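So the structure is just underneath, and the comments pick up after that.
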Number of protein chains: 2
Amino acid sequence: MPEPHHVLFKTLADPTRRAIFERLCRDGDTTVAALTARAGVSQPAVSKHLAILKRAGLVRDRQEGRQTHYSAELDALAPLVDWTNRMNGFWQNRFDDLEDLLKRMDQ
Amino acid sequence: MPEPHHVLFKTLADPTRRAIFERLCRDGDTTVAALTARAGVSQPAVSKHLAILKRAGLVRDRQEGRQTHYSAELDALAPLVDWTNRMNGFWQNRFDDLEDLLKRMDQ
DNA sequence: CAGATTAATAACCAGAGAGTTATCGATTTC
DNA sequence: GAAATCGATAACTCTCTGGTTATTAATCTG
């Protein structure tokens, strides 16, 4: 039931959370403190977003002394790409279908 | 401020709404009644979802007598594809960066 | 024209979730 | 060892949104 792309849509729908992920994609390995500095929200808020990103498989964390480094797990986006491709595939199939073509002509 | 991909993530994050969009991609032009039949929610709920999909540019509507036909606007997904590509691009760039390579080696 | 059907809107409700402050455990530093 | 720093968790609040039922406008049908 929980299709792989669903958790991605849910997780990336929040702008703050998506911004954190984008930053990790751009800059790579980054500490929570560094992320908080530019997130525009409190540190606990950032930690919560990171936990959600982690559960979605979008980020990895790595402990180093008292600080936690996070980095993007880019492969995790695959189901999203697959989904958009599938939508495009449906579209293509419908063009091959003569029945549908006729349905479209009389609109 | 409202980046083009943001509205897409927001709109497609809801499973019911995404299911409606998927159905329109698969089956093409469909009436509200037909969509409601399989949506698992009430007709007003479906209408609201369709309104949101429409504002996001993901669907078109067409009046025919007393029924409204909706169809998917597939090009609207482009900003989503662009975004994932951009994330992948960042990833590639970081591999070209020697500084980052070193940073990754000592983890 | 009366009754039925279609879909949008209004008004409302309940749950989710993103934010906050406060706190705590675990480190590092002095 | 005391003080400071880092980040996760707890507890709470407030808003946003997806759902509902009721209603209405518009169209079709008998």
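Owing to the predicted nature of the structure, the values given are computational and were not obtained by experimental measurement. Every chain is numbered from 1, with letters handed out A, B, ... down the list of sequences.
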Considering just the side-chain nitrogens and oxygens of [X], establish if one lies under 4.0 Å of OP1 or OP2 belonging to [N].
| X | N | result |
| --- | --- | --- |
| B/Tyr70 | C/dT6 | no |
| A/His49 | C/dG17 | no |
| A/Thr68 | D/dC6 | no |

- A/Trp83 and A/His5 aromatic ring geometry - parallel, tilted or perpendicular at 30°/60° bounds: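 Tilted: the ring planes of A/His5 and A/Trp83 meet at 30° to 60°.
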- Message: Are A/Val81 and A/Met87 linked, directly or through intermediate hydrophobic residues, by side-chain heavy-atom contacts shorter than 4.5 Å (ILVMFWY only)?
- Response: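 No.
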- Query: Can you check the B/Glu64 CD to C/dT5 P distance for me, whole Å?
  - Reply: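 Those two atoms, CD and P, are 19 Å apart.
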- Task: Whole angstrom is fine here: how far is it from CD in A/Gln67 over to C1' in C/dT27?
- Result: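 Between C1' of C/dT27 and CD of A/Gln67: 10 Å.
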Contact class for [X] vs. all strands (heavy atom < 4.0 Å): base, sugar-phosphate, or nothing?
| X | result |
| --- | --- |
| B/Ser47 | base |
| B/Gln43 | base |
| B/Thr31 | sugar-phosphate |
| B/Ala33 | sugar-phosphate |

- Query: Could a donor-acceptor pair under 3.5 angstrom be found where the side chain of B/Lys48 meets the base of D/dG19?
  - Reply: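 By the distance-only test, yes, there is a pair.
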- Task: Report yes or no: is there a donor-acceptor pair, N or O only, under 3.5 Å between the side chain of B/Arg66 and the base of D/dT27?
- Result: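 Yes, the side chain and the base share a sub-3.5 Å donor-acceptor pair.
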- Message: Within residues 12-19 of chain B, which residues have any heavy atom lying less than 4.0 Å from an atom of DNA chain D?
- Response: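 Contacting residues: B/Asp14, B/Thr16, B/Arg17.
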- Message: I need the minimum non-hydrogen distance between B/Val7 and B/Thr11, along with the two atoms involved.
- Response: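 For B/Val7 and B/Thr11, the tightest heavy-atom pair comes out as O-OG1, 2.6 Å.
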- Query: So which heavy atom on A/Gly57 is nearest to which on A/Glu73, and how close?
  - Reply: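 In terms of heavy atoms, the two residues are closest at O-CB, 3.3 Å.
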